[in-house]
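Sequence lines set the chain letters: A, B, ... in the order given, protein chains first and strands last, and positions in each chain run from 1.
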Amino acid sequence: MENRFGFRDLVICVLLVCMMATVWIAMLQLDDHKRALNLITTVLKEQTGDLAKIRRAVEEGGSISVAPHPASTQASSGDVAGGGWQGRDLDPFARIKLAQKMPGYAVGDNFISSFGVLPDRLTPLVSQDAYAGLIQDYVLESLAGRDPETLAWVPQLAKAWTVSADGLRFEFILRKGVVFSDGEPLTVDDVVWTFKWMMNQEVEAPRARAYYEKVASVEKAGDDRVVFTFREPYFQAFELAAGMQVLPQHFYSKYTPKQFNEAIGLLMGSGAYRLPDPKNWQHEPGKPVELVRNERYWGERAPFDRMIFRILENEAARLTTFRNGDMDSLGPTPEQYRSLLQDKELLARTQHFEFDDPAAGYTYIGWNQKRNGKPTFFADKRVRRAMTMMIDREGIAQQIMLGYANVASSPFSRLTKQSDPNIKPWPYDIAAAQKLLKEAGFEDRDGDGILDSPDGKPLRFKLVYPSSSDVYKRAVLFIKDSCARAGVAVDPAPTEWNVLIQKLQQRDFDAISLAWSGGIETDPYQIFHSSQIAGTGDNAISYSNPELDALMDKARATVDEAQRMPLWHRAHQIFHEDQPYTFLLTRTSLSFVDQRIKNITRVTTGLNPRLEWYVPTDQWKWTKPAPK
Amino acid sequence: MSSSTITPPAPAPAGSPGANAGAVDLEPSRSLLERVVRDAMRGTGARIGVAYIALLVLAAVFAPFLANSHPLLMKQAGAQGGAQTGAWSSPLLRHLTPADVVLLVMFFAVLGVALARRLSGAKRLLILAAVLAVSSPLAWWAVRPPAQVIYDKYRTGLADKSVEQAYFVPIAFSPDDRLRDQPDIRLGAPSAEHLMGTTNNGADLAANMIYASRIALSIGFIATGIAMVIGVVLGALMGYYSGWVDLLGMRLVEIFSAIPTLLLLLCFVAFFEPNLYIMMVILGVTGWTGDAVFVRAEFLRLREQDFVQAARACGIPLWSILFRHILPNGITPVLVNASFGVAGAILTESTLSFLGIGLVNDTSWGQLLNQALGSGGTFYWWIALYPGLAIFLTVFAYNLIGEALRDAFDPHAAKRGA
């Protein structure tokens with residue numbers, strides 16, 4: 001019986017495969033169609049709503065409250081004429097209006113940048129990473145925002161506010177005519193609901209709750225008024241109240257907290273941009289995160305049609321993409337920055353910025369003082385200070401960061417008022433470090449080149465750091481060689497991000513190297529207060545200093561800046577003396593942007609917001625200007 | 001039935017080639033392996049392969065004497081004071097690790113055993129095992145190099161005359177000597193001082209290449225060794241018993257061959273710390289299926305043969321029948337498979353290291369290769385060329401040997417060749 005695979009079988013096989021492929025493709029297409037149809041239906045529904053509103057408005061002969069709203073940016077009505085109202089004369093779009101007067105200003109084209117990782121989820125409150133936060137800042141809005149240059153508060157969703165004398169009660173007047181991106185109006189109820197939702201124990205937003213627990217209540221006080229009442233004075237109280245991003249109740253209340261926690265891309269707000277599909281964003285490998293202009297936006301139109309964030313995990317791939325002109329901006333590594341500066345042809349078609357951002361944060365090594373209930377080597381502050389002094393931080397800044405970093409001395413940026421200008425970082429001094437260690441009882445007792453504690457244990461530890469970054473790896477090896485000179489053995493332990501977070505929460509490490517992001521005025525409570533040791537608090541190193549605790553409590557409750565700053569300065573001195581962390585570096589922000597993007601300027605917090613940037617019509621690249 | 005009561009008249013243990021009279025039955029089978037090896041080594045390809053691997057072994061064993069920042073001999077200056085002034089010392093020997101010492105001892109033991117012609121195979125193995133068992137604890141106990149090393153002290157010493165004279169080995173850099181005293185040397189192209197250039201961390205590439213051969217060889221041999229042991233034992237049982245043991249065993253084989261090894265390794269390395277030994281074990285535990293199938297087939301063929309029947313009739317214990325009587329006649333295909341397995345294991349380790357999730361503290365070729373494309377977008381040709389070439393040549397050499405063994409084992413090929 002001949003059982004050979006003949007030509008006929010081949011043909012049949014090929015036909016079969018073709019048929020299966022066709023069916024599969026058909027299924028995919030059907031899926032696509034369904035999705036597109038859904039989108040069209042939603043948009044149509046919203047537009048019908050808008051049309052109805054317009055018709056009603058025309059019939060009544062009143063003003064039309066469909067976006068873009070003509071003139072509600074100035075709070076000129078009589079309701080805020082009384083004394084004590086702040087922010088009523090400020091125009092939230094003053095800076096954008098200035099940009100609009102620039103030659104060649106045009107609305108259109110796309111802006112393409114990149115993310116190093118794919119955001120885990122975009123749903124507000126439950127999202128974890130900084131990238132999701134960036135997206136949310138374009139989509140969501142809060143009651144007031146800071147002017148990027150003066151850092152003064154300017155109204156946004158609110159048009160004015162009052163602050164009570166004791167600093168515990170904030171009353172906001174909401175702007176009229178603000179709508180969410182689906183056309184529904186934004187009301188006081190949305191603000192009240194957002195707070196309630198955030199404080200709902202079932203919603204997984206413990207970090208936000210940790211701060212908002214200071215808010216006793218958020219109450220409706222009339223059609224357009226909302227009142228925030230705080231339990232106790234807090235120096236960032238206004239920031240909490242005014243900075244709360246308002247979520248649409250009608251959109252989110254359809255979901256249970258459990259559904260909300262698990263949702264990946266549930267994001268809608270009143271901001272200048274919106275997700276193309278606010279309900280079903282999904283992370284698809286290789287696909288960028290895309291925002292489109294919110295055409296119903298109540299304020300000035302956003303300059304770019306689309307904001308596209310490509311996901312490029314590889315540093316070299318990001319660089320190549322930017323070099324090829326497939327991307328409009330790049331945040332290079334120091335090494336890349338330096339090599340780009342050599343590239344004449346590239347320099348001609350790009351603009352670059354390097355600046356020290358006071359909110360850039362800092363990298364550090366955290367010394368775990370208590371492990372498995374027992375104090376470690378690092379419980380002794382002499383040891384911690386010796387560790388700081390034996391690490392050549394300036395060397396890391398120069399050799400690994402190529403000079404694009406400064407040595408930090410505390411959690412406070414040296415560029416802010418919070419930092420005491422008289423304190424200089426501990427110098428790199430191995431002899432002094434060895435002297436300190438000797439005072440603490442460390443000596444090389446067995447002649448193996450490593451110092452030993454009084455009970456004979458060698459001063460050897462694992463330094464945990466995130467395994468993904470090449471810069472970290474090189475810095476850690478540098479630290480290892482630096483410490484070797486003082487007779488301290490460091491074993492690098494690169495750790496995958498999720499495992500690292502787990503170790504941090506279980507306090508299962510000797511030393512850990514990470515970074516904290518910063519702010520203009522940071523609150524060190526979360527990281528260094530002894531109350532945050534318990535559970536999975538952020539004081540993972542079990543650092544406790546009663547004096548610092550008291551100082552932080554006092555500073556946080558001091559609303560007057562002039563009185564608060566000396567308290568922070570004293571805290572800075574304690575950080576310097578105690579060295580709970582070895583504060584390593586503050587990185588210089590580096591940025592390359594395509595030449596065709598105009599009106600990029602330096603402001604106090606870095607570069608001005610992208611809503612102020614634009615591309616003149618003749619330099620559009622991703623879209624074609626409409627024919628005239 | 002105990003084996004001590006009955007002395008088998010005819011089949012002497014197959015492991016003894018020089019065994020007397022009655023070994024007739026086993027003589028041809030014993031010589032099958034020998035013949036295959038001899039035939040295989042006749043070809044040029046296999047010779048080149050073996051020569052290259054031998055070179056690699058030499059480099060791995062004598063790595064500390066090829067590349068080391070510690071001088072082989074050093075004379076401290078007299079002026080500095082202290083009792084040791086003017087004395088000659090050898091920091092290199094002082095800094096040898098227990099692993100270095102054991103490797104050297106084992107190398108000479110293997111050499112000695114190989115040269116002694118009178119010994120039987122079993123005795124040779126026994127001697128080697130004894131040497132290993134004695135030397136490793138001894139080395140770990142007696143050899144105590146300083147745990148902390150500052151490599152540049154010799155260079156700075158020579159510069160400020162506190163070291164009068166120092167004689168270095170050919171490559172005067174250790175693989176983890178990141179040349180902190182010369183920060184500008186990082187990522188330097190090949191030069192007279194650094195023959196293969198320097199790496200991303202500022203270490204000498206040539207020194208790293210030499211030490212990396214240890215990882216490549218050990219992961220290849222140990223992973224394949226584990227796979228062979230598991231494969232042979234399970235394959236032998238399956239083939240000998242057949243029936244339901246075979247049925248179960250083959251299902252096990254199917255299950256294990258369905259495991260994507262690289263994926264498993266990726267998951268494992270991501271969630272636990274990267275560890276060379278764990279990698280070896282995973283590679284071994286997932287790689288035995290081929291060996292098992294080969295051995296099973298051989299055992300199925302051999303189990304009904306006369307010498308096996310005779311051995312069984314004599315009451316020889318099972319392990320002896322399996323591994324001393326049948327196995328030597330059925331091991332050849334496993335050897336062929338093993339040489340390809342070694343190549344595969346080396347490639348897998350290189351892949352992992354290249355993806356940046358391999359070993360951390362030890363250098364490996366894949367890891368070096370990973371540094372070839374700098375984050376600045378620059379392509380460092382020397383970091384791509386040398387480790388890439390090393391991986392390619394090693395895998396190629398093993399494949400040459402494997403090919404030659406297979407051809408020699410294949411009766412058709414043998415006839416063609418004859």
Worksheet item: Do B:Y151 and B:H70 make the cut of ring centroids closer than 6.0 angstrom?
Response: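 Aromatic pair counts; centres sit under 6.0 Å.
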If we ignore hydrogens and angles and just use 3.5 Å, is the side chain of [X] paired with the main-chain N or O of [Y] as donor and acceptor?
X      : Y      : result
A:T376 : A:R371 : no
A:N324 : A:D326 : no
A:Q351 : A:D594 : yes
B:N68  : B:I171 : no
A:D328 : A:S113 : no

Considering only heavy atoms and a distance below 4.5 Å, find which of [options] pairs most often with chain B.
options                        : value
A:A484, A:G487, A:A489         : A:A484
A:V488, A:T495, A:D491, A:I400 : A:V488
A:R485, A:Q399, A:Q502         : A:R485

Discussion item. Suppose we screen for ring pair (Phe, Tyr, Trp, His ring centres under 6.0 Å). Which residues come up paired with A:F353, at least two apart in sequence or across chains?
Written reply: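 Here no residue qualifies.
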Is it the case that atom [atom1] in [X] sees more than 12 heavy atoms from other parts of the structure closer than 6.0 Å?
X      : atom1 : answer
A:K503 : NZ    : yes
A:R445 : CZ    : yes
B:F379 : CZ    : yes

Worksheet item: Could you name the residues of residues 331-349 of chain A that have a heavy atom within less than 4.5 Å of a heavy atom in chain B?
Response: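 Heavy-atom contacts from residues 331-349 of chain A to chain B are A:T333, A:E335, A:Q336, A:S339.
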Worksheet item: Is the closest side-chain donor-acceptor distance between B:E349 and B:S364 under 3.5 Å?
Response: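 The criterion, which ignores hydrogens and geometry beyond distance, is satisfied for B:S364 and B:E349.
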Response to the item:
Among residues 198-206 of chain B, residues within the sub-4.5 Å heavy-atom range of chain A, in order of number, are B:N200, B:N201
Worksheet entry | Residues of residues 173-187 of chain B contacting chain A, heavy-atom criterion under 4.5 Å, by residue number |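 From residues 173-187 of chain B, the residues near chain A are B:R178, B:R180, B:P183, B:R186, B:L187.
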Answer with side chain, backbone, both or neither: which region of [X] has an atom nearer than 4.5 Å to a non-hydrogen atom of chain B?
X      : result
A:R318 : neither
A:L319 : side chain
A:V471 : neither

Worksheet item: Does the salt bridge (charged side-chain N to carboxylate O under 4.0 Å, His left out) test come out yes or no for A:K457 and A:D452, once each step is laid out?
Response: CA-CA 5 Å; A:K457 271 190 262 161; A:D452 303 290; over 6 Å; no
Worksheet item: side chain to side chain donor-acceptor pair (under 3.5 Å) between B:S353 and B:W365: does it pass, once the steps are laid out?
Response: CA-CA 8 Å; B:S353 297; B:W365 290 330; over 6 Å; no
Worksheet entry | Salt-bridge present (B:D100, B:R214; N to O < 4.0 Å) | yes
Discussion item. Within the structure provided, determine whether A:F461 and A:V490 are in side-chain contact (heavy-atom separation under 4.5 Å).
Written reply: yes
Worksheet item: What orientation do B:Y386 and B:W381 show, parallel under 30°, tilted 30 to 60°, or perpendicular over 60°?
Response: tilted
